[in-house]
Amino acid sequence: MPALPPITDLSRARILVTNDDGINAPGLRALERVARSLSRDVWTVAPETQQSAVSHALTIRRPLRLVRMGPRRFAVEGTPTDCVLIGVHEVMQGRAPDLVLSGVNWGANLGEDITYSGTVAAAMEGALLGLRAVAFSLDIRNGVPRWETVVRHAPIILGRLVGAPWPAETLVNVNVPNLAPDKVQGIRVVAQGRRKEALAIDRRTDPDGRPYYWMLDYGKEARQPEGTDLGAIAEGAITITPLTIDFTQRRFLATLRERFR
Ligand code: MN
């Protein structure tokens, strides 16, 4: 697939908005506001229910219903990936979107979060379809969500992103710190980081005495290396990380080729 040429004028762009928190999520409304501030050709196709941590799941064994919620606004009883596919192939048939936006997710998608994230996976699906795709997440860990910070900064970020030639099979992951708009410590282009601690599971007991398990969130993070998403957001910066769909470990590929020769 060839690279996509830069977009100089987003006002003529067709934009598809989706998320993983569902059609009624406040973050989706924030991203729709961002999209509408850029273009009048904005379409929303989002999951009917909360789909966080479903990653790139695709629904293949039950019917997928499309529900019209309003003008150019639809819900799908499925995953974020289902929404992008139905959005592009069914709802927006005739003209594919120039830009797929996913989010704004309730909670950051940093480091290894990317492998669980439905928000990032929706952008991944956009990239697989040969489209420009950007995922937005707000790092809400405490306090009220600062959606207004995304609404303020995202249009500028998007304008700069789409002005670059966009490589094939590429999505961009943006994380916004939960600070007031003018408290943000700049915008940094950084690599995907990796937490030092693992996800923990809490074993609990239900009222009948039977055990059940609860996935715990990450605790307070150790200092993260500079140049990573985890490091930059800890310093209050907005992070921009380009991702690609090719998971191949090139160095090990070479090693294994030698071993299997
Ligand atoms: Mn989510």
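Because only heavy atoms are used, hydrogens play no part in the values below, and waters and symmetry mates are left out as well, while side chains stay in. Start at 1 and go down the list; that is how both ligands and their atoms are numbered.
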### Task
Go through the steps for T244 and D246 under the test side-chain hydrogen bond (donor to acceptor under 3.5 Å, both in side chains), then give the verdict.
CA-CA 6 Å; T244 185; D246 184 352; over 6 Å; no
### Message
I'd like to know whether S52 forms a side-chain hydrogen bond (donor to acceptor under 3.5 Å, both in side chains) with D21, so could you lay out the CA-CA distance, the side-chain angles of the two residues, the decisive distance to 0.1 Å, and finally the verdict.
### Response
CA-CA 6 Å; S52 291; D21 294 333; 2.8 Å; yes
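Checking side-chain atoms of W147 against main-chain N and O of V151 turns up no donor-acceptor pair under 3.5 Å. No donor-acceptor distance shorter than 3.5 angstrom exists from the side chain of N173 to the backbone of V120, with no hydrogens or angles considered.
Listed by chain and residue number, the protein N/O/S atoms under 2.8 Å of the Mn ion (ligand 1) are D20 OD1, D21 OD1, S52 OG, N105 OD1, with waters left out.
Contact annotation: the side chain of I23 approaches that of M69 to within less than 4.5 Å [non-hydrogen atoms, C-beta and beyond].
Not counting sequence neighbours, the partners of D182 by the side chain to side chain contact (heavy atoms under 4.5 Å, CB included) test are A180.
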